[in-house]
Student: 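Questions regarding the structure given below will be posed in turn.
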Amino acid sequence: MIDCLRSLLRPVLRLPAATALLALALSAGAVAQTVPASAAPATPVATAATAATVPASSMASRVLACTACHGKEGRATPDGYFPRIAGKPAGYLANQLLNFRDGRRSYPQMTYLIEHLTDDYLREMAEHFAALDLPYPPPPAPQAPAAALEQGRQLVQQGDATRRIPACVSCHGSAMTGVAPSIPGLLGLPRDYLNSQLGAWKTGQRRAHVPDCMADIARQLTPDEVSAVSAWLAAQPVAAGGKPARTLPAAMPARCGGVAEVPVAAVAAAR
């Protein structure tokens with residue numbers, strides 16, 4: 001199955017249009033036939049029909065493999081471990097693709113799909129998904145007791161100054177829809193995905209360019225706090241169509257690798 005998905009990511013610009021469409025149709029058909037019914041994603045995957053309706057020379061046709069897990073057009077679903085990628089800031093998506101390819105993030109299926117793709121090609125993929133303007137579904141019902149949700153809200157909106165844990169909104173924006181070009185939004189993501197990523201930062205399974213501010217923050221959170229933050233975020237509606245803000249209203253409280261274009265507070269800059 002992975003080989004079939006990987007074939008979809010290869011550039012098809014050099015193929016004649018009819019040949020390219022046929023190759024996409026055959027690859028996508030093989031994917032559909034090799035996925036057990038019980039393991040099929042809830043959202044449509046690449047099929048011969050979808051391949052045949054997309055111009056072979058477009059990036060949309062070349063990222064059909066991505067939709068097998070991330071959902072139609074990368075919009076995902078409220079459940080599971082696969083995040084929405086449609087509409088995320090292009091710089092953030094590009095950084096994550098590079099992180100998977102270069103070993104800072106660990107998910108073998110992702111690494112195998114993109115390990116031979118160039119920086120420029122990965123940035124093209126990121127720009128394609130970032131440009132998609134698609135509605136978000138309503139959030140699921142809260143999946144935690146009221147006390148846990150309140151604990152999560154306080155950490156997201158206020159942080160914990162006694163432990164030098166900044167509020168999530170101080171970096172991800174007051175609407176928590178991210179900041180262009182490199183800071184992701186935190187809403188519209190499944191609770192399980194948020195839990196798994198904070199846990200991965202705590203254990204060192206997920207890393208970013210140094211200084212890895214998210215790893216520093218996650219290591220200070222208790223398991224109950226991780227669960228509370230994830231549950232509260234997953235239950236919030238997405239404002240402003242999920243579009244990332246252009247700037248933060250104030251400097252970031254900590255220096256973070258991969259977002260050098262965002263000013264940081266004087267204390268953080270001096271470290």
Side-chain angles (χ1 to χ4, degrees), residues 2 9 66 69-70 74 76 80-85 88-123 125-126 129-130 155-156 159-160 163-173 176 178-187 189-223 225-227 229-230 233-234 244 248 252-265 268-269 271:
I2 294 296
L9 281 175
C66 305
C69 294
H70 290 280
Y81 290 95
F82 299 107
R84 177 184 173 116
I85 52 179
K88 296 283 175 141
Y92 171 76
L93 292 175
N95 279 341
Q96 299 319 301
L97 288 168
L98 291 167
N99 287 344
F100 278 117
R101 190 196 65 186
D102 298 339
R104 286 179 292 272
R105 292 187 67 172
S106 177
Y107 190 68
Q109 292 90 327
M110 277 291 298
T111 302
Y112 183 74
L113 283 174
I114 64 175
E115 62 183 340
H116 297 302
L117 300 181
T118 66
D119 290 10
D120 287 343
Y121 195 79
L122 294 178
R123 291 190 182 100
M125 291 170 60
F129 283 110
L155 285 167
V156 169
D160 186 343
R163 291 186 288 163
R164 299 174 69 177
I165 297 175
C168 301
V169 296
S170 62
C171 294
H172 294 271
M176 291 173 292
V179 183
S182 301
I183 301 177
L186 298 179
L187 303 185
L189 293 166
R191 183 190 67 163
D192 288 342
Y193 175 77
L194 292 166
N195 260 330
S196 68
Q197 297 312 300
L198 287 169
W201 261 307
K202 280 179 69 70
T203 61
Q205 292 178 305
R206 177 171 177 175
R207 304 187 304 279
H209 293 285
V210 293
D212 193 344
C213 57
M214 275 305 305
D216 294 339
I217 293 168
R219 282 194 291 264
Q220 296 185 72
L221 297 174
T222 68
E225 288 172 333
V226 168
S227 180
V229 167
S230 300
L233 287 171
L248 282 172
M252 289 176 62
R255 186 184 297 279
C256 294
V259 290
E261 71 279 354
V262 182
V264 297
R271 292 175 191 161

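In what follows, every heavy atom counts, from backbone to side chain, and hydrogens, waters and symmetry copies are set aside. In what follows, residues are counted from 1 in the order of the sequence shown. All of these numbers come straight from a predicted model, not from anything done at the bench.
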Student: Is the backbone N or O of Phe82 less than 3.5 Å from a side-chain atom of His70, with the two atoms forming a donor-acceptor pair by type?
Tutor: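 No, because the side chain of His70 does not come within donor-acceptor range (under 3.5 Å) of the backbone of Phe82.
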Student: So, for Ala90 and Ala126, which heavy atoms are closest and what is the spacing to 0.1 Å?
Tutor: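 So the minimum-distance heavy-atom pair works out to O-CB, 3.5 Å.
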Student: Is there a donor-acceptor contact under 3.5 Å from the side chain of Arg207 to the main chain of Gly103?
Tutor: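 Side chain of Arg207 to backbone of Gly103: a pair is present.
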Student: How many angstroms lie between CD in Gln205 and OH in Tyr107, if you round to the nearest 0.5 Å?
Tutor: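 It is 13.0 Å, given to the nearest 0.5 Å.
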Student: To the nearest 0.5 angstrom, please state how far the CG atom of Leu122 sits from the CD1 atom of Ile114.
Tutor: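 One finds 5.5 Å between CG of Leu122 and CD1 of Ile114.
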Student: Quick check against the 3.5 Å criterion: does Ser196 have a side-chain atom that pairs as donor or acceptor with the backbone of Tyr193?
Tutor: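 Pair found, side chain donor or acceptor close to backbone of Tyr193.
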Student: State, with a plain yes or no, whether a side-chain heavy atom of Asn99 is found less than 4.5 Å away from one of His209.
Tutor: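 Heavy-atom side-chain distance check passes, below 4.5 Å.
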Student: Do you know which two heavy atoms are closest between Pro190 and Ala234, and how far apart they sit?
Tutor: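 Pro190 and Ala234 have their closest heavy atoms at C-CB, 4.4 Å.
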Student: How far apart are the closest heavy atoms of Leu248 and Val179, and which atoms are they?
Tutor: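 Nearest pair, atom of Leu248 first, then Val179: CD2-CG2, 3.6 Å.
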Student: Less than 4.5 Å apart, any side-chain heavy atom of Ile165 and any of Leu221?
Tutor: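 With C-beta onward as the side chain, the pair touches.
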Student: Measuring from atom CD of Gln96 to atom NZ of Lys88, what distance do you get when rounded to the nearest 0.5 angstrom?
Tutor: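 The CD atom of Gln96 sits 10.0 Å away from the NZ atom of Lys88.
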Student: Just do the side chain to side chain contact (heavy atoms under 4.5 Å, CB included) check on Arg105 and Thr111 with the steps written out, would you?
Tutor: CA-CA 9 Å; Arg105 292 187 67 172; Thr111 302; over 6 Å; no
Student: Would you compute the distance between atom CD of Gln220 and atom CG of Asp160 and round it to the nearest 0.5 angstrom?
Tutor: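 Going from the CD atom of Gln220 to the CG atom of Asp160 covers 8.5 Å.
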Student: Are Arg123 and Thr118 close enough that some pair of their side-chain heavy atoms sits under 4.5 Å apart?
Tutor: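 Arg123 vs Thr118: side chains apart.
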Student: Output yes when a side-chain donor or acceptor of His172 lies under 3.5 Å from a complementary backbone atom of Ile183, and no otherwise.
Tutor: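 Side chain of His172 to backbone of Ile183, a donor-acceptor pair under 3.5 Å: no, none is there.
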Student: Please find the pair of heavy atoms, one from Pro89 and one from Pro184, that lie closest to each other, and give the distance.
Tutor: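 Answer, listing the atom of Pro89 first, then Pro184: CD-CA, 4.2 Å.
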Student: I need the Met214 CE to Leu198 CG distance, nearest 0.5 Å.
Tutor: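 Spacing of CE (Met214) from CG (Leu198) equals 5.0 Å.
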Student: Are any side-chain N or O atoms of Arg101 and backbone N or O atoms of Leu117, one a donor and one an acceptor, separated by less than 3.5 Å?
Tutor: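 Indeed, once roles are kept as given, a pair shorter than 3.5 Å links the two residues.
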Student: Quick one, Leu113 with Phe100, criterion side chain to side chain contact (heavy atoms under 4.5 Å, CB included). Give me CA distance, side-chain angles, the key distance, then yes/no.
Tutor: CA-CA 10 Å; Leu113 283 174; Phe100 278 117; over 6 Å; no
Student: Taking the two cysteines Cys171 and Cys256, do their sulfur (SG) atoms come closer than 2.5 angstrom to each other?
Tutor: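 Cys256 does not pair with Cys171 as a disulfide (SG atoms not under 2.5 Å apart), so no.
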Student: Can you tell me how far OH of Tyr81 sits from CG of Leu194, rounded to the nearest 0.5 angstrom?
Tutor: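 Leu194 CG to Tyr81 OH: 11.5 Å, rounded to 0.5 Å.
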Student: Does any non-hydrogen side-chain atom of Leu189 lie less than 4.5 Å from one of Gln197?
Tutor: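 No, every pair of side-chain atoms sits at 4.5 Å or beyond.
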Student: Side-chain contact test, heavy atoms from C-beta onward, threshold under 4.5 Å: evaluate it for Met125 versus Cys66 and give yes or no.
Tutor: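 Yes. Closest side-chain heavy atoms under 4.5 Å.
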